[in-house]
Number of protein chains: 2
Amino acid sequence: MVARRRSEMMEETRARLIHAARKAFAEKGYAAASMDDLTAEAGLTRGALYHHFGDKRGLLLAVVNQIDAEMATRARAIGSLADNDWEGLLAEGVAYIEMALEPEVQRIVLLDGPAFLGDPSNWTSQNSCLQATWQKVEALTAQGIIKHVDAEAAARLLNGAALNAALWIAASDDQQDVLVKAIEAFRCLAGGLMEVPASLPASPSRRS
Amino acid sequence: MVARRRSEMMEETRARLIHAARKAFAEKGYAAASMDDLTAEAGLTRGALYHHFGDKRGLLLAVVNQIDAEMATRARAIGSLADNDWEGLLAEGVAYIEMALEPEVQRIVLLDGPAFLGDPSNWTSQNSCLQATWQKVEALTAQGIIKHVDAEAAARLLNGAALNAALWIAASDDQQDVLVKAIEAFRCLAGGLMEVPASLPASPSRRS
DNA sequence: TCTATTGACATACGCGGCGTATGTATGTGA
DNA sequence: TCACATACATACGCCGCGTATGTCAATAGA
């Protein structure tokens with residue numbers, strides 16, 4: 001028997017509970033997931049769960065934060081591979097769309113999260129995914145590459161568009177085909193943020 | 001006592017249940033709303049509810065469809081007031097953002113709907129709001145005003161952006177201020193769909 | 001080293017909510 | 001008017017969450 005510290009044990013207990021919760025929430029949805037089943041799957045009981053997370057929502061919050069952090073890390077990594085910040089922003093958006101196709105992400109973060117925890121902006125104090133996009137938008141604004149719109153607004157709408165694209169793709173029959181269309185439309189929309197020569201107005205056919 | 005047909009009574013019963021459900025779902029959320037309380041509010045019991053709607057999800061579906069239809073009607077009306085189809089599309093989008101600020105719409109259609117009924121595209125067979133945007137996009141494509149992207153994709157991403165904007169606004173402190181920013185960003189994004197002279201590439205600084 | 005106290009869990013209980021099975025009354029067709 | 005269907009109401013059981021309580025191991029102090 002390897003001697004282990006108490007804190008290590010606790011950490012593992014928390015990890016096992018979150019792991020089981022991710023699985024259960026993704027498969028059955030938050031509402032239909034039973035905490036008895038969930039904890040049993042992790043070799044524990046509800047006692048441990050309430051001790052560590054307070055209530056069912058607390059567990060969902062912990063799960064969402066974990067997944068959100070993973071997503072942000074992956075998105076930043078993908079975005080940093082791009083040739084420039086603009087392509088980086090697009091790449092991040094596309095990465096969100098693709099990540100959102102995973103049942104864990106979709107079911108837990110995109111559907112149950114907002115429904116049971118409220119608006120994502122209130123999760124934990126910040127949403128890592130949003131922050132990543134937000135920062136990229138600010139950088140591009142400073143570089144004069146995109147228009148001077150509110151950075152947070154742009155980031156939120158971009159993420160919203162990506163999210164909806166993912167829900168659409170996931171529910172479709174030919175996911176590959178739809179994915180291509182969604183990405184094209186996304187790049188198109190994002191292009192609206194780009195700065196254009198002053199001679200070209202953003203809106204056509206303005207009356208009188 | 002006014003003599004009334006059976007079908008009229010039933011129709012009123014359904015309407016009263018849906019009305020009570022809209023109120024309860026909007027205030028407490030779908031999960032926390034009790035069907036006993038809800039039906040009592042309507043002067044009925046759960047018996048009537050299960051008779052007409054099958055189960056709790058069936059009631060939610062009926063409520064969502066009703067609100068969705070109302071939203072689409074309002075959006076089309078607003079869109080048709082615009083000077084041209086392009087401004088109509090933008091006006092519809094802005095209208096969605098503003099409508100989504102209403103607790104009924106936000107809580108029921110945007111949060112609980114997707115969580116408990118699945119992707120909106122599977123509701124009833126079509127989502128009226130999406131259809132309205134879709135049609136406008138197709139019309140604009142035919143007129144050569146916007147690029148040849150997939151119309152459904154564009155419509156879905158636009159609606160998704162509007163939806164997310166609404167969630168943001170609703171959770172913010174200064175709703176008026178945020179609403180202005182969101183609308184500006186929305187118009188900006190939507191502008192990305194517009195056709196531009198071929199001499200200007202959609203993407204800047206392409207390498208090699 | 002022995003003890004006291006804290007903390008990490010397990011166990012036990014009650015409440016409320018959903019779904020279903022059953023009952024009842026009113027309206028409709030022959 | 002009689003048989004039947006329909007629109008509800010009532011009654012019951014099961015399940016799931018939250019909390020109160022119990023137990024055991026680990027650390028702290030003397």
Side-chain angles (χ1 to χ4, degrees), chain A residues 1-21 23-64 107-108 112-113 115-117, chain B residues 1-21 23-64 107-108 112-113 115-117:
Chain A
M1 290 294 261
V2 183
R4 298 215 313 223
R5 310 197 151 268
R6 207 161 208 243
S7 57
E8 289 176 8
M9 298 286 291
M10 276 189 57
E11 198 56 37
E12 185 183 324
T13 296
R14 280 183 59 95
R16 280 167 58 192
L17 285 173
I18 291 180
H19 180 76
K23 191 172 171 225
F25 290 166
E27 287 175 357
K28 308 182 179 184
Y30 172 78
S34 158
M35 303 186 63
D36 280 316
D37 297 348
L38 190 162
T39 50
E41 173 87 17
L44 296 161
T45 68
R46 289 216 321 278
L49 213 159
Y50 280 93
H51 182 70
H52 285 286
F53 302 100
D55 61 355
K56 199 181 182 185
R57 278 183 73 248
L59 178 61
L60 176 61
L61 184 60
V63 169
V64 162
R107 177 82 247 186
I108 301 174
D112 289 337
F116 292 97
L117 299 178
Chain B
M1 289 296 260
V2 182
R4 300 218 310 227
R5 309 194 149 269
R6 210 165 205 239
S7 56
E8 288 176 7
M9 297 288 290
M10 277 190 57
E11 199 55 39
E12 184 183 326
T13 296
R14 281 183 59 97
R16 280 167 60 191
L17 286 172
I18 291 180
H19 180 75
K23 191 174 170 221
F25 291 165
E27 287 175 357
K28 307 182 178 184
Y30 173 78
S34 160
M35 303 185 62
D36 280 317
D37 297 349
L38 191 162
T39 50
E41 173 86 18
L44 297 162
T45 68
R46 290 216 321 279
L49 212 160
Y50 281 94
H51 180 72
H52 285 286
F53 301 100
D55 60 356
K56 198 181 182 185
R57 276 185 73 251
L59 178 61
L60 175 60
L61 184 61
V63 169
V64 163
R107 177 81 249 186
I108 302 175
D112 290 336
F116 292 96
L117 299 177

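Residue numbers begin at 1 in each chain, while the letters A, B, ... track the order of the sequences. Since the structure is predicted, the reported quantities are computational estimates derived from the model, not experimental observations.
Taking atom NE2 of B:H51 as the reference point, atom P of C:dA21 lies 16 Å away to the nearest angstrom. A straight line from CG of B:L17 to P of D:dA9 spans 9 Å, rounded to a whole angstrom. Between A:F25 atom CZ and D:dG16 atom P there is a gap of 14 Å when expressed in whole angstrom units. In this structure, the CD atom of A:E12 is 10 Å from the P atom of C:dC9, given to the nearest Å. Remark: C1' of C:dG16 and CZ of B:R46 are 11 Å apart, rounded to the nearest angstrom. To the nearest angstrom, C1' of C:dC15 lies 13 Å from CG of B:D36. Put simply, CD on A:E11 is 14 Å from C1' on C:dA8, counting in whole angstrom units. Counting to the nearest Å, the C1' atom of C:dC18 and the OH atom of B:Y50 are 5 Å from each other.
Looking only at side-chain heavy atoms (C-beta outward), B:L44 and B:L49 stay at 4.5 Å or farther from each other. Between B:Y30 and B:I108, the closest side-chain pair of non-hydrogen atoms is not below 4.5 Å. B:R46 has its side chain out of reach of B:L38: every pair of non-hydrogen atoms, C-beta onward, lies at least 4.5 Å apart. Using a 4.5 Å cut-off on side-chain heavy atoms (C-beta onward), A:M35 and A:Y50 make contact. With contacts defined as side-chain heavy-atom distances shorter than 4.5 Å, the pair B:F25/B:L59 qualifies.
Here the side chain of B:M35 is nearest to one of C:dG19, D:dA9, D:dC17, namely C:dG19. Picking from D:dA9, C:dC18, C:dC9 the nucleotide with the shortest atom distance to the side chain of A:L44 gives C:dC9.
B:T45 comes within 4.0 angstrom of a base, heavy atoms only. Counting any heavy atom pair closer than 4.0 Å across all strands shown, A:A32 reaches no nucleic acid atom.
Heavy-atom distances to DNA chain D give each of A:A31 and A:G47 a nearest nucleotide, and the one nearer the 5′ end belongs to A:A31.
For the OP1/OP2 pair of C:dA8 and a distance below 4.0 Å, the side-chain nitrogens and oxygens of A:H52 include no atom meeting the criterion. Residue B:T13 places at least one side-chain N or O closer than 4.0 Å to OP1 or OP2 of D:dC8.
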